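Structure first, commentary second.
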Amino acid sequence: MPPAPTLTALAPMEPCSDYDVVRRALEHLTTRFRDQPSTEEVAAAVGLSPSHFNHVFRRWCGLSPKAFLQAVTLDRARGLLRREDANLLDAAYELGLSGPARLHDLFVTHEAMSPGAFKTGGAGLDIRWGVAPSPFGLAVLAATDRGLCGLGFADDEAGVPDARDDLAGRWPAARMIRDDAHVAPYAALAFDPALWSSDRPLRLVLIGADFQVEVWRALLSIPLGRATTYGRLAEELGRPKAARAVGAAVGRNPISFVVPCHRVVGATGALTGYHWGLTRKRAMLGWETAGAGG
DNA sequence: AATTCGGGCTAGG
DNA sequence: CCTAGCCCGAATT
């Protein structure tokens, strides 16, 4: 029996501590965006010198804070909502795997849970869960023997129980087993899409009602660095009037980030909401657009 | 621009 | 049944 992994082992890793700075900066900017705070003011607000703040930020997403802000400060994501994306579902399969905006999602395999297992709330199902650092705070991951079935977030260690309960509540009858080592490889793949390949697929298990799984599968076809709206998704699913229902289903996405629910915004470009916090959605969209060179 | 309002659809209790 | 939800568009300040 190996010793239980501890969170202190994660502390020295960069992504989490960087995200803490980024998160506080984004929160400050969001509440004060009307004042157009300068980079210096934001640095002061998070308790760092301007140059240190700049350095941490660049390490986090490769972009200066100022450039990053233009993308997400005002909670408008219009730049990601290109007209030619109007029918992403078709476009995704036509484009295949080539092109600058690589459709990494097609490397992900997914399968719906059998109806029986879903109806019983996961009775008889063993789910291993654990914590790993990520660019967006502490990631809380859950996996069955078929693949990754849950991914949530916590700002710090104190938030881990809530995130765990949030995931566990989706399969109330399943047995939850703490196993950080077991989920570590999933975390490594999930947050480094460059590693995704057909040789090493990231296996996903989507557990939900039919309509929800349909919506989550559709999310997988939204390319990195792009976005769509709840209404567009509804149309693609052949239910043009179901935008709100789509929103509800998107909000229940159990494998956040990997199933990119953060790439869905309101029809006006407003970010609307996010189950794991709007700040985190801002961070993800900015991080991705920066990485996509766009 | 920024709010308000009613219509709309689905999952879950 | 009922209610709530990561909505949307038009109408109204």
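In what follows, chains are A, B, ... by sequence order, proteins preceding strands, each numbered from 1. Predicted model only: the values in this text are computed from it and were never measured. These numbers come from the heavy atoms of this one structure, side chains and all, not from hydrogens, waters or symmetry mates.
Separating the CG atom of A:Leu80 from the P atom of C:dC6 is a distance of 21 Å, rounded to the nearest angstrom. A straight line from OH of A:Tyr230 to P of C:dG5 spans 14 Å, rounded to a whole angstrom. Across the protein-nucleic acid pair, A:Leu285 atom CG and C:dC6 atom C1' stand 12 Å apart, rounded to whole Å.
Listed by chain and residue number, nothing satisfies the salt bridge (Lys or Arg N to Asp or Glu O under 4.0 Å) test with A:Arg244 (two or more places apart in sequence, or in another chain). Residues meeting the ring-ring contact (aromatic ring centres under 6.0 Å, His included) test with A:Phe53, sequence neighbours left out: A:Phe57. Residues passing the side chain to side chain contact (heavy atoms under 4.5 Å, CB included) test with A:Asp126, sequence neighbours excluded: A:Arg175, A:Ile177.
At least one side-chain heavy atom of A:Val250 sits under 4.5 Å from a side-chain heavy atom of A:Leu233. A 4.5 Å side-chain heavy-atom check between A:Arg263 and A:Leu224 finds at least one atom pair inside the cut-off. You'll find the side chain of A:Trp276 stays beyond 4.5 Å of the side chain of A:Phe257, heavy atoms only.
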Letter per nucleotide, 5' to 3', of nucleotides 8-13 of chain B [B base touched, S only sugar-phosphate touched, - untouched; heavy atoms, 4.0 Å]: BBSSS-

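Comment: A:Glu27 engages A:Arg23 in a salt bridge, judged by a side-chain N to carboxylate O separation of less than 4.0 angstrom.
A salt bridge (charged side-chain N to carboxylate O under 4.0 Å, His left out) check over residues 129-140 of chain A, counting only residues at least two apart or in different chains, returns nothing.
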DNA chain C base-pair string [pairs: Watson-Crick or G-U under 3.5 Å; |: paired with another strand]: |||||.|||||||

